[in-house]
Undergrad: 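The structure's right below; bear with me while I get my questions together.
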Amino acid sequence: MKEQDYRLPPVIVTEILSHMPLAEQAGEQLTLRGDWQKLKEITGDGAGIRIGIGDTGVDKQHLQGDLKRVKLAKDFTGSRYGYYDQHSHGSHCTGVIGASSDGNGMIGIASSCDMFHAKILGDSGSGSTTGIAQGIRWMCDQDCHIISLSLGGGYSDDIEGACREAVQEGRIIVAAMGNEGTRGDGHPGNSRYTFGIVAVDWQKKLAPFSSRSKMAKYSGYGVNVLSCGSGGRYMRMSGTSMATPDQAGIMVLYLSYRLKNSLPLPKT
């Protein structure tokens, strides 16, 4: 099939901050979802679980702090910046899942997991189907239990094949459904091999921008989500792109709970 561009679903940036004084202030998850610290302790906080994030890269400054749980990153876009994030989207999604702070920044949902970042979307937010498929396979090679993809486009044989191979190996893939409202959805969110994610707000109401396909499997918080940005900043963003790592983080906690209690990890 003809090579095509895959792009980020449009995101809404509502706030940019240069510094977060306390980690607990950086994630509304910690205050709006009950006793998160207790849940982290019960589940093991993601320890022992490996997650792959396919996105725009990781911020160089945050890698020394909030994103220190990124164990390996690789560029599949040919960017002159390598795997460093020039866009903010990749750093934001990575932080939602596993930011691990010393008290001066973000705390992610599963901040003891190991993260592997494939830069499959370039500095402008788009990537080729070939590069995305290569990135998915690379994350599988890193033995990631879960793969999070906050991107979308038209149907691609390359990407569908990579997702199929990942699932056949027992990996879980979560992917954004897109921000087209009632006008449609995106691939691979609508693939039979992924868990397509729609966005809800903090009142658990479906966000107006969220695609709402019958192929959607789960929802995640995707409105005014605060996380890491580029240049060491923090940003509030909205979109199914934010809902996808939110749900991926929950899945990481579930798997780490099973691992902590010597239970077998589920197969897809």
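Everything numeric here is computed off the predicted structure, so don't read it as measured data.
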Undergrad: Is there a donor-acceptor contact under 3.5 Å from the side chain of R236 to the main chain of V13?
TA: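 A pair under 3.5 Å: no.
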Undergrad: With no hydrogens and no angle check, just 3.5 Å: does a side-chain donor-acceptor pair link T43 and K260?
TA: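 Checked: T43/K260 side chains show no N/O donor-acceptor pair below 3.5 Å.
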Undergrad: Is the closest side-chain heavy-atom distance between I136 and I132 below 4.5 Å?
TA: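 Heavy-atom side-chain distance check passes, below 4.5 Å.
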Undergrad: Would you say the ring centroid of Y84 lies under 6.0 angstrom from that of H62?
TA: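 Not close enough - the centres of the two rings lie 6.0 Å or further apart.
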Undergrad: Examine distances only and state if a side-chain atom of D158 and a backbone atom of A133 form a donor-acceptor pair shorter than 3.5 Å.
TA: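 Judged by distance alone, no pair lies under 3.5 Å.
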Undergrad: Is it the case that one hydrophobic cluster holds both I109 and Y257, taking links as side-chain heavy atoms less than 4.5 Å apart, direct or via other members?
TA: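 No.
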Undergrad: How many angstroms lie between CG in D59 and OH in Y234, if you round to the nearest 0.5 Å?
TA: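 Interatomic distance, D59 CG to Y234 OH, rounded to 0.5 Å: 9.5 Å.
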Undergrad: For D114, is there an ion pair with R69 - N to carboxylate O distance below 4.0 angstrom?
TA: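 Salt bridge flag = yes for D114 with R69.
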Undergrad: For the backbone of V96 and the side chain of S227, can you confirm whether one donor and one acceptor N or O come within less than 3.5 Å of each other?
TA: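 Yes, the answer is positive, given that a donor and an acceptor are paired below the 3.5 Å cut-off.
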Undergrad: Say you draw a straight line from CD1 of I53 to CE of M115; how long is it, rounded to the nearest 0.5 Å?
TA: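 Going from the CD1 atom of I53 to the CE atom of M115 covers 5.5 Å.
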Undergrad: So for atom NZ, which belongs to K60, do other residues, nucleotides or ligands contribute more than 12 heavy atoms lying within a distance under 6.0 Å?
TA: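 For K60, atom NZ is not crowded (no more than 12 foreign heavy atoms under 6.0 Å).
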Undergrad: Where the side chain of H117 meets the backbone of V70, is there a donor-acceptor pair that is under 3.5 Å apart?
TA: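 Not at all, since once roles are kept as given, no pair shorter than 3.5 Å links the two residues.
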Undergrad: Go through the steps to decide whether L149 and I173 satisfy the test side chain to side chain contact (heavy atoms under 4.5 Å, CB included), and finish with yes or no.
TA: CA-CA 8 Å; L149 302 172; I173 304 176; 3.9 Å; yes
Undergrad: Between H87 (side chain only) and D123 (backbone N and O only), is there a donor and an acceptor less than 3.5 Å apart?
TA: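 No, the answer is negative, given that no donor and acceptor are paired below the 3.5 Å cut-off.
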Undergrad: Treating K119 as the side-chain partner and G82 as the backbone partner, does any N or O pair qualify as donor plus acceptor under 3.5 Å?
TA: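 Side chain of K119 to backbone of G82, a donor-acceptor pair under 3.5 Å: yes, one is there.
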Undergrad: Identify the two heavy atoms, one from A176 and one from S241, that lie closest to each other, and give their separation to 0.1 Å.
TA: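 It is CB-N, 4.2 Å.
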Undergrad: Looking only at atom types and distance, does a side-chain atom of R212 sit under 3.5 Å from a main-chain N or O of G184, one as donor and one as acceptor?
TA: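 The answer is no, because no donor-acceptor pair under 3.5 Å joins these two groups.
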Undergrad: Between F195 and Y218, how do the two ring planes meet: parallel, tilted or perpendicular, split at 30° and 60°?
TA: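 Judged by the thresholds at 30° and 60°, the geometry between F195 and Y218 is tilted.
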Undergrad: Testing the basics here: between M106 and A99, what is the closest heavy-atom pair and its distance to 0.1 Å?
TA: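 Nearest pair, atom of M106 first, then A99: CB-CB, 3.4 Å.
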Undergrad: So which atom in T244 and which in S148 form the shortest heavy-atom distance, rounded to 0.1 Å?
TA: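 Where T244 meets S148 most closely, the heavy atoms are CG2-OG, 3.5 Å.
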Undergrad: Among T94, L63, T56, whose side chain to side chain contact (heavy atoms under 4.5 Å, CB included) with D85 holds?
TA: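 Checked T94, L63, T56 against D85; only one passes side chain to side chain contact (heavy atoms under 4.5 Å, CB included): T56.
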Undergrad: Just by distance, no angles: are the side chains of D185 and S213 close enough, under 3.5 Å, to form a donor-acceptor pair?
TA: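 Distance-only check passes for D185 and S213.
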Undergrad: Side chains of I51 and C144: closer than 4.5 Å at any heavy-atom pair?
TA: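 The answer is no, as the side chains (C-beta and beyond) never meet within the 4.5 Å cut-off.
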Undergrad: Can you give me the closest heavy-atom contact between I97 and C113, atom names plus distance?
TA: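 Taking I97 first and C113 second, the nearest heavy atoms are CG2-SG, 4.2 Å.
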Undergrad: Hey, are E180 and S211 close enough side-chain-wise for a donor-acceptor pair under 3.5 Å?
TA: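 No.
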Undergrad: Using a distance-only test with no angle check, is there a side-chain donor-acceptor pair under 3.5 angstrom linking Y155 and N190?
TA: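 Side-chain D/A pair, Y155 to N190: absent.
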Undergrad: Looking at side-chain heavy atoms only, is the closest gap between M242 and Y221 below 4.5 Å?
TA: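 Answer no - side chains too far apart.
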Undergrad: R258 vs L265, test: side chain to side chain contact (heavy atoms under 4.5 Å, CB included). Steps then yes/no.
TA: CA-CA 6 Å; R258 297 189 66 87; L265 296 182; 4.2 Å; yes
Undergrad: Any heavy-atom pair between the side chains of V223 and V200 that's under 4.5 Å?
TA: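 No - every pair of side-chain heavy atoms lies 4.5 Å or more apart.
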Undergrad: I'd like to know if the side chain of R233 and the backbone of S230 have a donor-acceptor N/O pair within less than 3.5 Å.
TA: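 Yes; judged by distance alone, with no hydrogens or angles, the pair exists.
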Undergrad: Let's go through D246 and V225 carefully: what are the C-alpha distance in whole Å and the side-chain angles of both, what is the deciding distance for side chain to side chain contact (heavy atoms under 4.5 Å, CB included) to 0.1 Å, and is it a yes or a no?
TA: CA-CA 9 Å; D246 180 84; V225 177; over 6 Å; no
Undergrad: What distance do K205 atom NZ and S219 atom OG have between them, rounded to the nearest 0.5 Å?
TA: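 So the NZ of K205 and the OG of S219 are separated by 14.5 Å.
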Undergrad: Tell me yes or no: between the side chains of H187 and S156, is some donor less than 3.5 Å from an acceptor?
TA: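 On atom types as modelled, these side chains do not qualify, holding no pair under 3.5 Å.
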Undergrad: Using 0.5 Å steps for rounding, measure from the CD1 atom of I250 to the CD1 atom of I146.
TA: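 Between atom CD1 of I250 and atom CD1 of I146 there are 10.5 Å.
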Undergrad: How close do C163 and P188 get, counting heavy atoms only, and between which atoms?
TA: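 Result for this residue pair: SG-CB, 4.1 Å.
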Undergrad: Under 3.5 Å, is there a donor-acceptor pair between the side chain of S210 and the main chain of L206?
TA: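 Checking the backbone N and O of L206 against the side chain of S210, no donor-acceptor pair under 3.5 Å is found.
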Undergrad: When rounded to the nearest 0.5 angstrom, what is the spacing between OG1 in T194 and CZ in R164?
TA: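 If I round to the nearest 0.5 Å, the distance is 13.5 Å.
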Undergrad: Identify the two heavy atoms, one from T77 and one from G122, that lie closest to each other, and give their separation to 0.1 Å.
TA: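 Closest approach of T77 to G122, heavy atoms only: CG2-N, 3.6 Å.
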Undergrad: R171 versus H145: any side-chain heavy-atom pair under 4.5 Å?
TA: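 Side chain of R171 against side chain of H145, heavy atoms only: no contact under 4.5 Å found.
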Undergrad: Let's go through L121 and S126 carefully: what are the C-alpha distance in whole Å and the side-chain angles of both, what is the deciding distance for side chain to side chain contact (heavy atoms under 4.5 Å, CB included) to 0.1 Å, and is it a yes or a no?
TA: CA-CA 5 Å; L121 298 175; S126 66; 5.5 Å; no
Undergrad: Main chain of A243, side chain of T240: is a donor-acceptor contact present, judged purely on distance under 3.5 Å?
TA: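 Not a single qualifying donor-acceptor pair exists.
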Undergrad: Out of curiosity, I159 CD1 to Q134 CD, how far, rounded to the nearest 0.5 Å?
TA: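 Going from the CD1 atom of I159 to the CD atom of Q134 covers 11.0 Å.
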Undergrad: Determine whether K40 and S111 make a side-chain contact, defined as any pair of heavy atoms from C-beta on separated by less than 4.5 Å.
TA: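 Sidechains of S111 and K40: in contact.
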Undergrad: If hydrophobic clusters are built from ILVMFWY residues whose side chains come within less than 4.5 Å, do Y254 and I42 share one?
TA: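 Hydrophobic grouping puts Y254 apart from I42.
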